[in-house]
Amino acid sequence: MASSDDKQQQEQTKQEKARQEKERADFGRALRRFRGGVSVRALAKRECNQGKNNISRSSLSRYETGKILPKLSHAEHLDTLYDAGGKIQL
């Protein structure tokens, strides 16, 4: 039988997961708004997304669908790629 401390810990874990899911979803919606009518494929092919800072089309898609959050080191590059004017923050 689970103790009340175990139940409380499980509830806190559940709440934290829900909060993280909401943050990923909110971030993804913001990226999609910045992208506008440009396809993810076209975004991935932009000149500013070439070289060592390249972010793959599949990663961009996972960011936008809220499956994952990008690394902090990608924030400035994403801001440039999405032409967000300094509004992309992690």
Side-chain angles (χ1 to χ4, degrees):
M1 189 175 257
S3 72
S4 65
D5 287 343
D6 289 340
K7 288 180 182 179
Q8 185 178 13
Q9 181 65 33
Q10 288 174 347
E11 182 61 29
Q12 288 174 342
T13 301
K14 186 177 176 181
Q15 289 174 353
E16 178 63 18
K17 284 183 179 183
R19 184 190 63 76
Q20 290 174 354
E21 287 176 16
K22 182 181 181 324
E23 286 178 359
R24 288 192 309 267
D26 290 347
F27 185 78
R29 275 191 292 279
L31 287 179
R32 287 191 302 276
R33 280 194 306 271
F34 287 127
R35 182 167 50 88
V38 177
S39 71
V40 172
R41 181 183 306 257
L43 189 68
K45 289 183 178 182
R46 284 189 174 170
E47 187 175 333
C48 64
N49 194 38
Q50 306 306 312
K52 69 176 187 163
N53 289 329
N54 180 40
I55 300 174
S56 71
R57 182 175 49 118
S58 62
S59 290
L60 292 172
S61 180
R62 289 192 304 247
Y63 299 155
E64 288 191 11
T65 57
K67 293 188 188 318
I68 61 172
L69 282 175
K71 297 176 185 177
L72 288 174
S73 61
H74 287 163
E76 186 176 337
H77 180 65
L78 285 169
D79 191 75
T80 300
L81 185 60
Y82 280 84
D83 196 25
K87 294 179 183 162
I88 293 182
Q89 298 174 1
L90 301 177

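Along the sequence shown, the residues carry numbers beginning at 1. This one's a predicted model, so the numbers in the text were calculated from it and none came from an experiment. FYI, side chains are in, hydrogens and waters are out, and symmetry mates aren't considered; it's all heavy atoms of this structure.
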By side chain to side chain contact (heavy atoms under 4.5 Å, CB included), Glu47 pairs with (sequence neighbours left out) none
Taking side chain to side chain contact (heavy atoms under 4.5 Å, CB included) as the definition, give me every residue that meets it alongside Asp83, ordered by chain and number, with sequence neighbours left out.
none
Grab the two heavy atoms, one from [X] and one from [Y], that are nearest each other, plus how far apart they are.
| X | Y | answer |
| --- | --- | --- |
| Asn54 | Ala44 | OD1-O, 4.4 Å |
| Tyr82 | Ile88 | CB-CD1, 4.1 Å |
| Asp79 | Lys87 | OD1-N, 3.0 Å |
| Pro70 | Leu78 | CG-CD1, 3.5 Å |

side-chain hydrogen bond (donor to acceptor under 3.5 Å, both in side chains) contacts in which one or both residues fall within residues 33-45, not counting sequence neighbours:
Arg35-Glu64
CG/Leu43 to CG/Leu81 distance, rounded to the nearest 0.5 angstrom?
4.0 Å
At what distance, to the nearest 0.5 angstrom, does CG of Asn49 lie from CG of Leu60?
6.0 Å
Does Glu76, at its CD atom, have more than 12 non-hydrogen atoms belonging to other residues, nucleotides or ligands within less than 6.0 Å?
no
Is there a donor-acceptor pair under 3.5 Å between the side chain of Thr13 and the backbone N or O of Gln9?
yes
How would you list, by chain and number, every residue that makes a side chain to side chain donor-acceptor pair (under 3.5 Å) with Ser56, sequence neighbours excluded?
Ser58, Ser59
Taking salt bridge (Lys or Arg N to Asp or Glu O under 4.0 Å) as the cut-off, I'd like each qualifying pair that reaches into residues 8-23, sequence neighbours left out, listed once.
Glu16-Arg19, Arg19-Glu23, Lys22-Asp26
Would a 4.5 Å heavy-atom cut-off, applied to side chains only, mark Tyr63 and Ile68 as touching?
yes
